[in-house]
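Keep in mind that what you see is a predicted model, and the values were worked out from it rather than measured. Below, all heavy atoms of this structure are taken into account, side chains as well, without hydrogens, waters or symmetry copies. Starting from 1, each residue takes its place in the sequence as its number.
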Amino acid sequence: MSNIYLEVNLHNLYYNLTKLKNELSNKTMVMGVVKGNAYGHGSIQIAKALCNDVDYLGVGVLDEAIELRDNNITSPIFLMGPTNDFETVYNYNITIGVCSFTQLEELIKWTNENNKNIKYHIKVETGMNRFGIEYEQLDQVVKLIGNSRYTKLEGIYSHFATTYKNNKKYVIDQKTRFDKFVNFFSSQYNNLIYHIANSENTIDYKESHYNMVRLGNALYGPCNSKKQIGLKKIANIKAKIIYTKDVKAGESIGYGNSYKSKKNMILGIVPIGFYCGMGLIKKPIGSKFFPTIIYYLKELYRYLFRSKTVIYYKGKPLEILGRPNMQYTIVDLSLILKEQKEQNDIEVDIKISPIFIKEHIKRTYISEVKG
Ligand SMILES: *Cc1c(COP(=O)(O)O)cnc(C)c1O
């Protein structure tokens, strides 16, 4: 057994999926989003766990879809981001999101030339301003689709830029724009799947469900919705203390003399460092002035009043001494050990998001069986 691993509880994954489905009408379909290595939880195992209980698995880039197919996942996969590698898309039987007019042209050209059908949904621009076809392009879009002999338009989708909780007005405006697209397409084509909602808006804004919702972070734990529906965290990072050591008061600990012991202490070495994700923080990049200032004020608040550690022993916080290193972090064990022991079996919990946990760290799964 390695001395650090991410333990994923699939019971809790099913529990969260059930809770989320309780928020939906029974006609609403579910896409389980497993992009980004299933938000760090391991895309293959999560996809296998989910695939019988969701209508689509959602990925962000083509390589993620290929990885799932290469691991014998045969259920419908939806690629949310753009690609023009239609050969691979066809060979791997992937449904794609068409994110621009040019991509739609290329797709139809390729499928016409190759006499092949690729199922696709058109992404429409409603306010995220990342990918999506504009309303003004729709007449041309219909003409293009009219020229396609093999491809099949299956749905229309868009993506919310914010949450109902944080900016109700913007979300409602986006929905209003989406409705214009929905009206247009439903007057032209029958039985399309319309979808726009992510996790938070699925929970807080029922009007955004349409025919399908795309659930990502809420599957993996509590999310930032206004309404709390009792979602459970599905993963814990666990590590064994790999070495313990006594130090006397007044000694320097770690790189850069970043900590000086104030008393006699027992140190423990935890096998996680910034190479594994420890000490990485979300920081505003390219933000405007005020959001940046607010971020630093929040950090200051957290520094002054909140726990400074992410390492816990049976719920007790362990102080981190000095800076995390590449692969190790030093903690104070004085509170939990009376004397230094050479051989011990102390397991700690590390509370950082699995998204930051590098893929070389083993994921283990509780309760594989289902389906
Ligand atoms: C990531 C993503 C989702 C899932 O978002 P969550 O907020 O994690 O539920 C849905 N749709 C698209 C297009 C995405 O990129």
> Just how far is it from atom CD1 of I46 to atom OH of Y39, taken to the nearest 0.5 Å?
Replying inline: 12.0 Å
> For K238, which residues count as a salt bridge (charged side-chain N to carboxylate O under 4.0 Å, His left out) partner, sequence neighbours excluded?
Replying inline: D349
> Would one find more than 12 heavy atoms of other residues, nucleotides or ligands at under 6.0 Å from atom OH of Y328?
Replying inline: no
>> Is it true that, when you exclude Y255 itself, more than 12 heavy atoms of the residues, nucleotides or ligands shown sit nearer than 6.0 Å to its OH?
In response: no
>> Before you tell me yes or no, could you show the steps for E106 and K109 under salt bridge (Lys or Arg N to Asp or Glu O under 4.0 Å), namely the whole-Å CA-CA distance, both residues' side-chain angles and the distance that decides it to 0.1 Å?
In response: CA-CA 5 Å; E106 287 170 0; K109 182 162 172 277; over 6 Å; no
> Pick one: which of H195, M31, M212 meets side-chain contact (heavy atoms from CB on, under 4.5 Å) with Y157?
Replying inline: H195
> Are N37 and R363 close enough that some pair of their side-chain heavy atoms sits under 4.5 Å apart?
Replying inline: yes
> Do other residues, nucleotides or ligands put more than 12 heavy atoms under 6.0 Å from the NZ atom of K245?
Replying inline: no
> With under 30° as parallel and over 60° as perpendicular, where do the rings of F78 and H121 fit, or are they tilted in between?
Replying inline: tilted
>> So, using salt bridge (charged side-chain N to carboxylate O under 4.0 Å, His left out) as the criterion, who are the partners of K298 when residues are at least two apart?
In response: none
> Are there more than 12 heavy atoms of other residues, nucleotides or ligands under 6.0 Å from atom NZ of K119?
Replying inline: no
> Side chains of L107 and I96: closer than 4.5 Å at any heavy-atom pair?
Replying inline: yes
> Between K123 and F131, is NZ or CZ placed under 6.0 angstrom from the six-membered ring centre and within 45° of the ring axis?
Replying inline: no
> Are the charged groups of D332 and K263 less than 4.0 angstrom apart, N to O?
Replying inline: yes
> Is it the case that Y210 and D179 place a side-chain donor and acceptor less than 3.5 Å from each other?
Replying inline: yes
> Is there a side-chain contact between N236 and L6, using heavy atoms and a 4.5 Å cut-off?
Replying inline: no
> Using 30° and 60° as the class limits, which term best fits the ring planes of F305 and Y301: parallel, tilted or perpendicular?
Replying inline: tilted
> Does the pair E319/K308 count as a salt bridge with the N-to-O cut at 4.0 Å?
Replying inline: no
>> Consider side-chain hydrogen bond (donor to acceptor under 3.5 Å, both in side chains). Of D204, N201, N224, which one does K165 pass it with?
In response: N224
> Are D139 and K143 close enough, and set up right, to give a salt bridge (Lys or Arg N to Asp or Glu O under 4.0 Å), and what steps lead you there?
Replying inline: CA-CA 6 Å; D139 289 335; K143 250 188 238 153; over 6 Å; no
> Taking the inter-plane angle between the rings of F184 and Y135 on a 0 to 90° scale, is it parallel (under 30°), tilted (30 to 60°) or perpendicular (over 60°)?
Replying inline: perpendicular
> If you count the non-hydrogen atoms of other residues, nucleotides and ligands that lie under 6.0 Å from CD in Q228, is the total more than 12?
Replying inline: yes
>> Are I361 and V270 connected into the same hydrophobic cluster when the rule is that any two of I, L, V, M, F, W, Y join if their side-chain heavy atoms are below 4.5 Å apart?
In response: yes
> Are I355 and V59 co-members of a hydrophobic cluster defined by side-chain heavy atoms under 4.5 Å apart?
Replying inline: yes
> When the aromatic ring centroids of Y205 and Y164 are compared, is their separation below 6.0 Å?
Replying inline: yes
> Do we get K351 above Y312's six-membered ring, with its NZ or CZ under 6.0 Å from the centre and within 45° of the axis?
Replying inline: yes
